[in-house]
Colleague: 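Please read through the structure below; I'll follow up with questions.
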Amino acid sequence: MTTLDRTSVEGRRSYPPRVSAFTRTFWEGLGQGRWQTTCCQECGRQTFPPKPVCPHCWSTSVEWSELAARGTLYSWTRIHAAPTAFAGETPYAVGIVDLDSGIRLACRLIDGPGLKPGLPVEMTVLQFEDGPLFAARPLHPTTEGAQYAR
Ligand SMILES: [Zn+2]
């Protein structure tokens, strides 16, 4: 299984995800660099975020499976006027990523020069003091020093 790079980030997550008995596997795995979601055993399709019921065929026969660590940036924006919880982090970049395995997801982007649709990206783990978050970053950074800034 591919393991994502993990980067230590000072402080706590501004809006920690709610972890349920079901999603605990995802969040605890992410903290170890495991990038996974549920895959339906009936129709064979992955779903993200992980779900106990397949949204394509309603089967409850799902198992954990590895996600693609790489993908393509579909779209992105830089947030200057943020919700209150994230106000202390502005400006920051978020994007929509198409993983090579076919999943489209929204996530934080490691900000830096050269962000544009079509950019090859890879997923990475931001290891905060209270737990992990996932983010995407350019696969081939155009300059050194692009990093998650608070
Ligand atoms: Zn299914």
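In this text, all values refer to a predicted model and were calculated from it rather than measured experimentally. Counting starts at 1 for both ligands and their atoms, following the listed order.
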Colleague: Before accepting this row, confirm whether a basic side-chain N of the pair R108/E89 lies closer than 4.0 Å to the acidic partner's carboxylate O.
Modeller: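 Yes, charged N to carboxylate O under 4.0 Å.
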
Colleague: Would you mind reporting whether T84 and Y15 have side-chain heavy atoms less than 4.5 Å apart?
Modeller: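 The answer is no; the side chains never approach within 4.5 Å.
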
Colleague: List for me each residue that meets side-chain contact (heavy atoms from CB on, under 4.5 Å) alongside Y74, sequence neighbours excluded, and say none if there are none.
Modeller: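 side-chain contact (heavy atoms from CB on, under 4.5 Å) list for Y74, sorted by chain: I96, D98, R104.
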
Colleague: Could you work out, with side-chain contact (heavy atoms from CB on, under 4.5 Å) as the rule, every residue matching T47, not counting sequence neighbours?
Modeller: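 Result, side-chain contact (heavy atoms from CB on, under 4.5 Å) vs T47: T38, K51, P55, H56.
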
Colleague: Measure the shortest side-chain to side-chain distance between T25 and W64 over non-hydrogen atoms and say whether it is less than 4.5 angstrom.
Modeller: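 Yes; the side chains approach each other to less than 4.5 Å.
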
Colleague: Restricting to side-chain contact (heavy atoms from CB on, under 4.5 Å), what partner residues turn up for Q46, sequence neighbours left out?
Modeller: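 In terms of side-chain contact (heavy atoms from CB on, under 4.5 Å), with neighbours along the sequence ignored, Q46 is linked to T37, C39, S65, L67, S101, I103.
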
Colleague: Using a cut-off of 2.8 Å, find all protein N, O or S atoms closer to the Zn ion (ligand 1) than that distance.
Modeller: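 Correct list: C40 SG, C43 SG, C54 SG, C57 SG.
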
